Amino acid sequence: MGESTGPAVTALGALPSLAAAGSLVWAVACRRTEVRQRLARLARPTAVCAALSLITSFAPLRAGSGWKLAEVALLSLLVAVVTRWSREDHLAWALPSAALAVTLWPLSLVTGDSFLESIGIGTFWLLPVAAAVAAGAYPRRQELRRRRAVAEARSAQRLQLSRDLHDFVAHDISGIVVQAQAARFVAATDPAHAVLALERIEKAGLSALAAMDRTVRMLHGPEAAATEPLPDVSQLRPLVENFTAAGATEAHLDLPHPVTERLSREAGSVAYRIVVEGLTNIRRHAPDASRATVAFTPTATTVELRITNDLGAGRTSARRVARGGGLGLPALTEHAQALGGTLTAGPHGDGGWQLTAVLPAAPPKGKTP
């Protein structure tokens with residue numbers, strides 16, 4: 001088959017190029033806010049243009065090859081746009097049809113060539129399609145990576161917020177519940193004690209509100225969150241004293257002075273969270289425990305933290321903690337492991353419970369690791 005001339009043949013040969021050019025003009029000739037939407041809808045026009053190209057390439061009457069070169073350029077441009085903007089399920093039928101149209105069109109112009117030569121010609125004309133796909137795939141991949149990074153950051157932020165609410169607000173709320181129960185029982189017989197309980201409830205409520213305010217400020221950006229650092233081990237003494245005053249469990253804190261200096265700010269914050277979680281679990285799951293101990297033991301390169309409680313007169317089962325520990329301990333375990341430490345919890349003594357954390361620490365002053 002050879003090339004033909006005439007107005008009808010020329011119009012037929014120009015049809016695929018005009019259709020491809022019209023599709024591109026339609027996509028961009030609109031308001032800027034609608035361009036992306038139209039570009040994402042070019043997969044179907046691309047397939048139609050590719051079908052027209054195949055039909056005109058192997059029709060009995062064909063126009064000159066100049067129109068085919070224009071088709072190759074326009075189809076390659078459509079392939080790049082479709083690869084960048086169209087949905088993945090649309091790529092499955094738009095790209096193969098365009099690749100066939102660009103690859104097969106010169107085969108109708110050659111006669112007598114061997115099969116291997118035909119493969120070579122088709123492979124050569126497949127290169128523009130591959131280049132167009134690469135040009136569209138790279139920004140598409142970068143956009144997907146950016147969206148994935150944003151989604152992961154949002155997920156991490158939500159997880160951090162939930163941990164903050166659990167670690168701090170839950171502790172204060174559980175204290176409010178304990179104080180309210182105590183005030184209800186002694187209100188009639190010992191009004192003075194009830195007034196003290198109400199004062200502790202007010203203090204715990206203000207602490208919970210402060211924690212919630214800090215969490216809300218985190219939502220407004222890292223600058224707002226950084227204005228108020230999280231509590232560390234230097235604030236454990238009032239925490240333990242308030243815990244003792246709020247319930248029947250007498251808590252004792254053993255915090256040697258070198259511990260405060262050797263723990264980094266992040267490790268100190270994690271240690272504070274661990275103590276809050278341990279005391280909250282004692283209040284929730286062993287409210288009748290008579291004694292709880294929070295002890296820090298420094299070593300050469302670490303600080304060991306142990307939170308221990310006995311079973312108490314109420315004989316509360318320690319296994320209840322293992323079943324109802326919630327998300328606090330797993331989250332704190334991740335925090336400790338991220339710092340290079342460990343966190344374990346399990347039964348201790350005669351029905352009691354012990355939470356043990358080992359956190360990395362700077363070597364003592366005057367010593368090198």
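Residue numbers start at 1 and run along the sequence shown. This one's a predicted model, so the numbers in the text were calculated from it and none came from an experiment.
Under the 4.5 Å side-chain criterion, counting only non-hydrogen atoms from C-beta, Phe296 is in contact with Val275. Leu263 is not listed as a side-chain neighbour of Asp232, based on a closest heavy-atom distance of 4.5 Å or more. Looking only at side-chain heavy atoms (C-beta outward), Ile274 and Val270 come within less than 4.5 Å of each other. At a threshold of 4.5 Å between non-hydrogen side-chain atoms, the residues Ser76 and Val72 count as touching. Between Leu95 and Val79 there is a side-chain heavy-atom pair separated by less than 4.5 Å. Contact annotation: the side chain of Val35 approaches that of Cys30 to within less than 4.5 Å [non-hydrogen atoms, C-beta and beyond]. You'll find the side chain of Arg283 stays beyond 4.5 Å of the side chain of Leu279, heavy atoms only.
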Side-chain donor-acceptor pairs of residues 38-54 under 3.5 Å, sequence neighbours excluded:
| unit_1 | atom_1 | unit_2 | atom_2 | d |
| --- | --- | --- | --- | --- |
| Arg38 | NH1 | Trp26 | O | 2.7 |
| Thr46 | OG1 | Leu42 | O | 2.7 |
| Ser53 | OG | Glu71 | OE1 | 2.7 |

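Atom CD of Glu88 has 12 or fewer neighbouring heavy atoms from other residues, nucleotides or ligands inside a 6.0 Å radius.
For Trp125, the ring-ring contact (aromatic ring centres under 6.0 Å, His included) partners two or more places apart in sequence, or in a different chain, are Trp105.
Here Arg147 pairs with Glu143 in a salt bridge; the nearest charged N to carboxylate O distance falls below 4.0 Å.
The only member of Thr344, Thr308, Asn309, Thr293 that meets side-chain hydrogen bond (donor to acceptor under 3.5 Å, both in side chains) when paired with Gln354 is Thr308.
Separating the CG atom in Leu305 from the OG1 atom in Thr297 is a distance of 9.0 Å, to the nearest 0.5 Å. Asp310 CG to Thr249 OG1: the interatomic distance, rounded to the nearest 0.5 Å, is 7.5 Å.
Although no hydrogens or angles enter the test, the distance criterion places a donor-acceptor pair under 3.5 Å between the side chain of Thr244 and the main chain of Ala251.
The stretch residues 245-257 participates, sequence neighbours left out, in no salt bridge (Lys or Arg N to Asp or Glu O under 4.0 Å) pair at all.
Residue Ile307 is grouped with residue Leu343 when hydrophobic side chains (ILVMFWY) are merged at heavy-atom distances under 4.5 angstrom, including chains of intermediate members.
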